[in-house]
Number of protein chains: 2
Amino acid sequence: MSDNSISKPKHTDQPHDLSAQIADEIRASIVRGELVADDRLPSEAELSESYGVSRPTVREALKRLAAQSLIRTRRGATGGAFVNRQSFEDAYRQMATTATLLLSLNDVDFATACEARFALERGCMRLAAKHRDEAHLAIMRQEIARQQQADLSDEAFCASDVAFHRALVDAAGNPVLSWQLAAAVEGIEPLMNMITYKQRDREAVVALHEAILEALESRIGARLEILIDYLRDQTLRTALAARDACQKDHEA
Amino acid sequence: MSDNSISKPKHTDQPHDLSAQIADEIRASIVRGELVADDRLPSEAELSESYGVSRPTVREALKRLAAQSLIRTRRGATGGAFVNRQSFEDAYRQMATTATLLLSLNDVDFATACEARFALERGCMRLAAKHRDEAHLAIMRQEIARQQQADLSDEAFCASDVAFHRALVDAAGNPVLSWQLAAAVEGIEPLMNMITYKQRDREAVVALHEAILEALESRIGARLEILIDYLRDQTLRTALAARDACQKDHEA
DNA sequence: CCTCATTCATTTGTCAGACAATTATGAAAC
DNA sequence: GTTTCATAATTGTCTGACAAATGAATGAGG
């Protein structure tokens, strides 16, 4: 990673493909609010005529938009392309795949991803303490119980860990936060799955989870922040140990 | 917003279009690592033959992948479709548009978006205090100076505000954080732009920016967190006031 | 008048074939 | 050796066509 900062989005107005141009125009219409959810776009034939291009070109443009789940299409008499209501599920899925690709295809190491994930989670703790609900506490209790089962596989342990933290973030009562955090956590799950937890590590994690649950119950945001820091350190230590063990395997 | 939590991603394996199926298969190959960055895909003719579909269908599939910036295409003898290195810029752009759409097309109010944005930013402050660099401080100083110009338009003030906060987050030295935060901040920029800042509000914001700069310079993470909270409250107050004024306009 | 099956028009999904535009490569001319 | 030009490969675009799906109009029968 040569540069940590995000460079300004490139503004190369290079003449894209026609299909890309058309997709951009329609996308802009949606963003500007000229086309709202469930609006029907003109038919492909009409679009091809109004843009002065062929139908395949229009179709490529529409497929681009469909790939971003901006529109959906339906066949038939009353069919056509309709503007999608941008659902959190879609956005979440998109972000998760993007995050996964970013972390797997790039030279982002586990420590960096982990640091980011816990930093973001830390930011939610005050809100979680404020808005937490009995439902969230129940989920977290349940997941802790699961994590205490000795015969749990590493994948199942990780999955339960994800569920626990999702509930923790959901407790903040802010869908935007849930969305971003869920995607971030999901994104590094493949990396987390590669960790083999020793029994002692699991016990440490569960103990922290219990402390987090208690602090959340008592609505002590400051303590939650500290506990998240502990958990981050614990996770990093475990990951480093796992990596060292893996390297030793390679040497042997 | 009926439900704050993100429901599990739907797993409907309904028989999509052919182009969607093909796109999914190629995408899976990329995610699995069978195709790595800068690998060249078979030509459209070869793909259409191997999948047993026509070239337009293959092209629609490729356009879908291009829309997610998973591939790029080049014409000519050595042209073709190449797997993109998933860059932070692309991911950032994608997230920004997704965030914008989510906030504009859905019933996420400004307060929720704002709360999320500042909560995430708050999570970065400890790291920023630790890793901050003279370069970041310089950018922030420069933006503060710009924000003090009385004849600045509201848009320009907002843009400078975004640049300031981007530098602040970049100071954490974690590209994943920069990526997520930049997208979040960018996503609510359209909403921020609708705010008309009174002179007094601007002065309050700039004063907080100065305090943030000072705390960052002194590497006092705890103080940064408090200041971010202040800034959040200030922003919310301004936004509410602006909304009330707007409503009063409507009534008149 | 109501109900149900049928037909029909509309629209997307897919295909085949063609030509234009672009780009590297290699051969030919100088 | 250098330049120029033809060539092949590949994506970009167009035309026209047919298949499949789907709601709406239509008409028969009750």
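The structure displayed is predicted, hence computed values, not measured ones. Labels below follow one simple rule: chain letters A, B, ... track the order of the sequence lines, proteins then strands, and each chain is numbered from 1.
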Quick check: on DNA chain D, is the nucleotide nearest A/Thr57 upstream (toward 5') of the one nearest A/Arg74, or the reverse? Name the residue that is more 5'. A/Thr57
Only one of A/Ile26, A/Leu65, A/Leu35 passes side chain to side chain contact (heavy atoms under 4.5 Å, CB included) with A/Val83; say which it is. A/Leu35
Is [X] close enough to [N] that one of its side-chain N or O atoms is under 4.0 Å from OP1 or OP2 there?
X	N	answer
B/Arg40	D/dT10	yes
A/Lys63	C/dT12	no
A/Thr78	D/dA24	no

Of all the choices, [options], which nucleotide is nearest to the side chain of [X] once you look at every atom?
X	options	answer
A/Thr73	D/dT11, C/dG13, C/dA9	C/dG13
A/Arg59	C/dT12, D/dT13, C/dA24	C/dT12
B/Ser43	D/dT11, C/dT14, D/dT13	D/dT11
A/Arg75	C/dT12, D/dT11, C/dT14	C/dT12
B/Pro56	C/dG13, D/dG12, C/dA16	C/dA16
A/Glu44	C/dT12, D/dT13, C/dT23	C/dT12

Just by distance, no angles: are the side chains of A/Asn174 and B/Thr112 close enough, under 3.5 Å, to form a donor-acceptor pair? no
For a quick check of understanding: with a heavy-atom distance under 4.0 Å over all strands, which category does A/Leu62 fall into, base, sugar-phosphate or nothing? nothing
Contact class for B/Arg72 vs. all strands (heavy atom < 4.0 Å): base, sugar-phosphate, or nothing? nothing
Rounded distance in Å - [atom1] ([X]) to [atom2] ([N]):
X	N	atom1	atom2	value
B/Asp17	C/dT11	CG	P	18 Å
B/Leu18	D/dA21	CG	P	12 Å
A/Glu49	D/dT15	CD	C1'	15 Å
A/Glu60	C/dT12	CD	P	16 Å
B/Tyr51	C/dT14	OH	C1'	17 Å

I'd like to know if A/Glu60 pairs up with A/Arg64 as an ion pair, taking the criterion as any Lys NZ or Arg NE/NH1/NH2 lying under 4.0 Å from an Asp or Glu carboxylate oxygen. no
Let me know which of A/Glu143, A/Gln142, A/Arg146 forms a side chain to side chain donor-acceptor pair (under 3.5 Å) with A/Ser160. A/Glu143
Note: for A/Arg55 and A/Ala77 on DNA chain C, the residue whose nearest nucleotide lies more 5' is A/Ala77
Heavy-atom pair of closest approach, residues B/Leu177 and A/Ala119: CD1-CB, 4.0 Å
